[in-house]
Each structure stands twice: as structure tokens, then as C-alpha cells.
J.: 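Please read through the structure below; I'll follow up with questions.
Note that these values count all heavy atoms, side chains included, but never hydrogens, waters or copies made by symmetry. Note on naming: letters A, B, ... go to the chains in the order of the sequence lines (proteins, then strands), and numbering restarts at 1 for each one.
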2 protein chains.
Amino acid sequence: MTKAGKSVLIVDDEAPIREMIAVALEMAGYECLEAANAQEAHAQIIDRKPDLILLDWMLPGTSGVEFARRLKREDRTAELPIIMLTAKGEEDNKVQGLEAGADDYITKPFSPRELVARLKAVLRRSTPQGIEEPIEVSGLLLDPVCHRVTSNDKPIDIGPTEYRLLQFFMTHQERAYSRAQLLDQVWGGNVYVEERTVDVHIRRLRKALGESHEHLIQTVRGTGYRFSTKVS
Amino acid sequence: MTKAGKSVLIVDDEAPIREMIAVALEMAGYECLEAANAQEAHAQIIDRKPDLILLDWMLPGTSGVEFARRLKREDRTAELPIIMLTAKGEEDNKVQGLEAGADDYITKPFSPRELVARLKAVLRRSTPQGIEEPIEVSGLLLDPVCHRVTSNDKPIDIGPTEYRLLQFFMTHQERAYSRAQLLDQVWGGNVYVEERTVDVHIRRLRKALGESHEHLIQTVRGTGYRFSTKVS
DNA sequence: TAAGCTCGTCACGGAAGTGTCACACAAATT
DNA sequence: AATTTGTGTGACACTTCCGTGACGAGCTTA
């Protein structure tokens, strides 16, 4: 399925601190990635898809807060949990940090034990089967646990790609996506396929859904597709 | 909105390779600039302000990595996305490249398709579309995220051009625009179409909006059109 | 190895969208 | 009132975009 240990991206401009944290986390069974600034961090996020980010308040260039805000605004990274690190226990920072979208907040110095504890808590909170809940839209049901789709209790047989496509749509309803965005989100960012391939899978998905539900997937001419219960 | 094609700076010391890449990118609709070394590249960046840089790993004089690092450190160019090119798929390079601030990484040889795909992905990522809030004017709602227009909650069906036109008007209310200005802003600067074409699209848009909202688009005789809630 | 699936690509045809024209109509100018 | 100028409107050819069936490559299963 996926890898066993969760991976954590440590973003801090001071290498020794990164190292220290990395050692502590690795002992606790986490895989560690490191980045010294916002650019590196972004590259790592895209490339390695960590499960959580430890983000230092102070960063050269783009500040930690600003970076957090940016991540939360980006659709693909909005779900990524962030823990902020700050040197002094200034309450102002805490508020700003949380407002920027951080999920938790630790002041340096902190014990490894505290760090791991918070980390676990945040992961438990944000990883859980938020995506594992069945989704139902007007008789169309997608159950991630059983990995099964039913239309009015009648089982729908679709391939893995169509399944992921449908799952993405059902968790991101009403919003229009370009073919490129769908390739990014459903196929995964670093594969190359023709954009028109999306059309074909849309077609297969529609066909599988049948007349009762195919209208849920709407074409947005000149743009892409949209999953919506509202008529166009 | 802005210019249609993005411009890409190709930095490689071998002219044939630059040429090959340039051809591939131009076919995909990108404007290409070229540079054989770090000095030339820097001059081009200042002068032409490309939207993305394709940077060869090996360069005479200042190496690609070093150059990338320098760019990221410079304030004015820090946001410029960089894709690294390298001859061999050495993982070491990859890490170094990403740490130096590259946004993506391609190993030669690569297919033009792959190149274009990655390029698109990086551009999409690094051009965080401005926060797209829905705009509402007296019952007329345009939602950029859903790519949808509703008049008193009733969906309005319009083509891409009318959509862009309406979006422009709603973000630039109360001001009169000439046909030439509208062609510039909505059609994009470097296309030639008859000015009277604007009239036709205005007409189509008014028709689609229906009696309830068509009066929002007002004719300014001798000048052009205006989107306004105030009656004339 | 063959059979069965899924996937990505292509080519064709049809549908929707686009730009231009001609003419009708309205407003300003004489 | 007649003329000139500017805009509304319907129709048409043309282009672009999307739906669709078919096909071969790769992978898994038997």
C-alpha cells in the first residue's frame, strides 16, 4: 500500500537544528526530509509528498508564516498538517501562526518527547479516515473502505483510474478543474500523459455511471470538467 | 488577461540542444529565449524577464547548480521557477539540484512531451492564481472557482468568451471601455479581430443574462460599453 | 503462453463557439 | 426632414473543442 513510517519535512535554516530534530524523529520511527528555505521546502513537498511539515517561524526570504499561508491556499497542499516552531514563546506569534493555518505550535527549546507527542497528535487528528468516510450524492455512493461504488445500491464496475477520478470529484464537488489539474491530482504530478486522456476516462466513468448519474460530471467547455449536482 | 504564451529561457552551452528544445517548446506555444552560459542567462533574465528557466546542470564557468543557488538568493529572481536538466540520472544531482532551489528536475534524454508536461506543471504550481473570490452584483453571481454564472440562483449558460467578458466587467465596474480596450483585456493583446465583434459578444452576453440583468451592460455611445448598477 | 483487463493514444465526426457580414434601427448632425 | 454616424441583431461559414469507438502495449491471472 503505502510506506509504513510517516514522513516529516523539517524546514529550518539552521542545519544543526534540523539534524537534531531529524535524529529525534528517526528514533521515533519517522522518515525525515529537510529543507533550509521555502523554495527547497516546496520542491520537497512536490517531490516527496511528506505527511507533515515542521516549519520554523523564521526563514530567510519567505517567512514561515507566509509560507504556511501559501501552502494552505494551494489546493493540493491544503490538507498538509503543519506544526510551527518558534524561538520565543510570544503569544502574538502563536495567534498569527494558527491564523496562517498551522495545526499546532511548539516553542523552542522543546524536548524530543514533547515534539513527538504533538506530532503524533496532529497526525492522528488529520490523517484519520477523513477520506475513509463513504461519500454519497443523490444515490451514488462511494465507499473508500470497501473500495466500492454503487449507483442506487447497484454495484458499479470501474477501473482503478476511474475510481480515483470519481473519488477526487466527489471530494471536490462543484469546482471546475482543468485537464492538467486532474492529471496532477488523480494521476499524480510527475507522470506524463496526454491531456485528452482525461477525456477518455471521463467518458468511461460516465458510461459506467449510467444515465442515472452521468450528468453529475459536467463538461466546462474550454476549461475542463466539474462534478456537480446542480444542473447547468 | 496577460500575454498568452509564457516565455522560457533555455540555458545550455550546446547550441543544437538549445535549438531542439526551443523548437519543441515553440510548437507547444511557448516563447523561447536562449543563453549559453551564466552571464548570458543573467542578462536575459534582467532584460526579458522570462517566466521559467530551463537550466543545464553542466555549464562552462559557473555551474548550473551554482547559478540556480545564486538566482534563488537574489531577491528579484527568487520566485523564478527553475527546471534542471542533467545528462545522467544520478540521484545525488537530484538532491543537490532541489536543494539549490530547482523546482523540478529532468534527466536527458527526455521526450519533448515530458518536457512540456513538466514545464506546464511547474508553471501552474508557481503561478498561484490570485485568490479567486466569487463576485456578486444584485443577484448576478460569477464564481471563478466553479467557473459558473448564476442569475438569481438560476444557472446561466454562456460560452468561454462571454464568460471572460463578463468576468472582466464585473471586476471593472462603473467604468467605460472602448472596443479596443476590451479586445486587449478580454481577447488578449496580440490577436486581430474586428472591433464590431465586441458588439456581437455584448449582444450574446446580454441575451444570456436575460431581462433581469442585461441592463447592467450599458452602451456608451461613441465610446464603448460599461458595466454599472446605476441606471443611465 | 494465452486470455483478460486496464490504460494511453489516435482519428473521426459532430456539436458548440467564434468572427464577420448585411441590414435594421436609433441617435446625433445638418 | 434628410443625412450621417453609430449600435442592435440575425444569419452564415469557419474553427475549435469534445465525445466516442477502436486499437495496441503492458500487466496480471490462470
J.: Let me spell it out: for each of A:Lys207 and A:Arg179, pick the nucleotide of DNA chain D with the closest heavy atom. Which residue's pick is nearer the 5' end?
T.: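 Of the two residues, A:Arg179 wins.
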
J.: Would you mind reading off the bend of the helix from C:dT1-D:dA30 to C:dT30-D:dA1 from its two end axes, five pairs each, to 10 degrees?
T.: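 Angle reported: 20°, given to the nearest ten degrees.
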
J.: Just distance, no hydrogens or angles: give the donor-acceptor pairs under 3.5 Å from side chains in residues 153-164 of chain B, sequence neighbours left out.
T.:
| from | atom 1 | to | atom 2 | distance (Å) |
| --- | --- | --- | --- | --- |
| B:Glu162 | OE1 | B:Gly159 | N | 3.4 |
| B:Glu162 | OE2 | B:His201 | ND1 | 2.4 |
| B:Arg164 | NE | B:Val186 | O | 3.1 |

J.: State whether the side chain of B:Gln181 and the backbone N or O of B:Tyr177 hold a donor-acceptor pair below 3.5 Å, judged by distance alone.
T.: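 No: the side chain of B:Gln181 does not pair with the backbone of B:Tyr177.
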
J.: What nitrogen or oxygen pairs link the protein and nucleotides 16-20 of chain C at under 3.5 Å?
T.:
| from | atom 1 | to | atom 2 | distance (Å) |
| --- | --- | --- | --- | --- |
| C:dT18 | OP1 | B:Thr161 | N | 2.9 |
| C:dT18 | OP1 | B:Thr161 | OG1 | 2.3 |
| C:dT18 | OP2 | B:Glu162 | OE1 | 3.4 |
| C:dG19 | OP1 | B:Trp187 | NE1 | 3.1 |
| C:dG19 | OP2 | B:Trp187 | NE1 | 3.3 |
| C:dG19 | OP2 | B:His201 | NE2 | 2.7 |
| C:dG19 | O6 | B:Arg204 | NH2 | 2.6 |
| C:dT20 | OP2 | B:Glu194 | N | 2.6 |
| C:dT20 | OP2 | B:Thr197 | OG1 | 2.7 |

J.: OP1 or OP2 of D:dG19 less than 4.0 angstrom from a side-chain nitrogen or oxygen of A:Thr219, does that happen here?
T.: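 Answer yes for this pair, as a side-chain N or O of A:Thr219 is under 4.0 Å from OP1 or OP2.
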
J.: Does B:Asp51 reach the main-chain N or O of B:Ser7 with its side chain, forming a donor-acceptor pair under 3.5 Å?
T.: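 Answer holds: yes.
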
J.: Just how far, in rounded Å, is C1' of C:dA22 from CG of B:Asp199?
T.: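 Interatomic distance, CG of B:Asp199 to C1' of C:dA22: 14 Å.
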
J.: Grab the CD-P distance between A:Glu214 and D:dG19 for me, whole Å please.
T.: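 Checked: the CD to P distance equals 11 Å.
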
J.: Quick one: side chain to side chain contact (heavy atoms under 4.5 Å, CB included) partners of B:Leu33, sequence neighbours excluded?
T.: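 Expected list: B:Leu9, B:Gln44, B:Arg48, B:Pro50.
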
J.: Test: salt bridge (charged side-chain N to carboxylate O under 4.0 Å, His left out). Region: residues 185-198 of chain B. Which pairs qualify, not counting sequence neighbours?
T.: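 For residues 185-198 of chain B, and leaving out neighbouring residues, the salt bridge (charged side-chain N to carboxylate O under 4.0 Å, His left out) pairs sorted by first residue read B:Arg196-B:Asp199.
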
J.: Less than 4.5 Å apart, side chain to side chain, heavy atoms only: is that true for A:Gln185 and A:His172?
T.: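 They are not in contact (no side-chain heavy atoms under 4.5 Å apart), so the answer is no.
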
J.: Have a look at B:Tyr163 and say if it touches a base, only the backbone sugar-phosphate, or nothing, with a 4.0 Å heavy-atom cut-off.
T.: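 No contact.
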
J.: Given atom OH of B:Tyr225 and atom P of D:dT7, what is their separation to the nearest angstrom?
T.: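 Spelled out: OH on B:Tyr225 to P on D:dT7 is 6 Å.
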
J.: Can you pull out every salt bridge (charged side-chain N to carboxylate O under 4.0 Å, His left out) where at least one residue sits in residues 10-29 of chain B? Sequence neighbours excluded, please.
T.: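 As it turns out, the salt bridge (charged side-chain N to carboxylate O under 4.0 Å, His left out) pairs with a partner in residues 10-29 of chain B, which skip direct neighbours, are B:Asp12-B:Lys108, B:Arg18-B:Glu34.
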
J.: Between B:Tyr225 and B:Thr219, is there a side-chain heavy-atom distance shorter than 4.5 Å?
T.: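 Of all side-chain heavy-atom pairs linking B:Tyr225 with B:Thr219, at least one is under 4.5 Å.
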
J.: Provide, to the nearest angstrom, the distance between the CD atom belonging to B:Gln218 and the P atom belonging to D:dG8.
T.: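 My rounded result for the distance is 12 Å.
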
